[in-house]
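Taking it in order: structure first as structure tokens, then the write-up.
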Amino acid sequence: MEGAALSGKTALVIGASSGIGLATANLFADVGAMVHAAARRRESIQTGAGGRNVTAHALDISDKEAVWRTVEEVGKSDGIDILVVAAGMNFPERRLEQLTAEGWDAMISVNLSGAFYAIRAALPYLRSSGGLVVLISSVSGRWPDASGPAYQASKAGMIELAHAAGFEEHVNGVRFTSILPGIVDTPILDNRPEPPPKEVRDAALEPEDVAQACLFLATLPPRAYVPELTMIPTAIQALGKTSTATPPVSQVDE
Ligand SMILES: NC(=O)c1ccc[n+]([C@@H]2O[C@H](COP(=O)([O-])OP(=O)(O)OC[C@H]3O[C@@H](n4cnc5c(N)ncnc54)[C@H](OP(=O)(O)O)[C@@H]3O)[C@@H](O)[C@H]2O)c1
């Protein structure tokens, strides 16, 4: 796809079997990137549809040796221009009084340590490409809400991981951006103790919206560095407004 926005670029998207990661892998491939897409459910990654150049990898991001192997395989064969970490999870028993040490460890190892493993393994390839890392964090990493202390700590940790990495690596031409989405209509919402009703899901962001933000970042000139990008659904969230209750219809229409 000569002349397309990401032609000649290689992207590794982790968490690409569903939701935001899947939408991002597809969008990047649609605009010409060579995409390596990874998740535990390899069979759910959409390879090749519509002439896309997508290679699927089975990967558990909490398995540090497996992350190292996969990143090295991709980096050695195709280089890495863009690394997107969209792998993440939450579970229903999220309140502090319900959290177990095992639950805490699982959350941190997938949502936070996994991002570190991927970044660390990709660093030599990112340095040689002047690459970009996009971490899908959350507004839950910025303000208290009902997503639970383990999830919020993991998401806040991602933001600071990106800050510190960018502080060190911008001089090597490597940029690290955290995207902080508000509520996005994806399957992760089914793990809430009370999954949101249809009217909230209908008013939420779509995974394709966040994918567009990833594409915006990936198509900026290398001189332009965006450390953080917050995106929230207009009708139900605002900075500091954590409730996603839908307002009366009249308020939405005005
Ligand atoms: N939806 C929202 O409202 C929202 C808001 C803010 C931030 N986020 C964040 O956005 C990211 C993407 O979530 P989503 O909303 O797109 O949810 P999703 O549709 O449930 O997708 C989650 C993705 O993460 C992958 N994943 C989970 N555990 C993994 C593991 N151990 N190793 C590798 N991949 C793993 C899943 O793949 P497999 O299960 O196949 O491994 C799947 O591809 C998450 O970090 C989430 O916290 C979501």
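Every value quoted in this text rests on a predicted model; they were computed, and no experiment measured them. When a ligand or atom number is given, it counts from 1 through the structure's own listing order.
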Asp105 meets the side-chain contact (heavy atoms from CB on, under 4.5 Å) criterion, sequence neighbours left out, with none
For residues 40-59, the ring pair (Phe, Tyr, Trp, His ring centres under 6.0 Å) pairs (sequence neighbours left out) are His36-His57
Evaluate the side-chain proximity of Phe176 to Leu135: yes if any heavy-atom separation is below 4.5 Å, no if none is.
no
Flag, side chain of Arg142 to backbone of Leu239, donor-acceptor distance under 3.5 Å: no
side-chain contact (heavy atoms from CB on, under 4.5 Å) filter on Ala66, not counting sequence neighbours, yields Leu59, Asp63, Arg69
Per the under 4.0 Å non-hydrogen criterion, ligand 1 touches Gly15, Ala16, Ser17, Ser18, Gly19, Ile20, Ala39, Arg40, Arg41, Leu59, Asp60, Ile61, Ala86, Ala87, Gly88, Val110, Ile136, Ser137, Ser138, Tyr151, Lys155, Pro181, Gly182, Ile183, Val184, Thr186, Pro187, Ile188, Leu189
Heavy atoms from other residues, nucleotides or ligands near CD of Glu43 exceed 12 (cutoff 6.0 Å):
yes
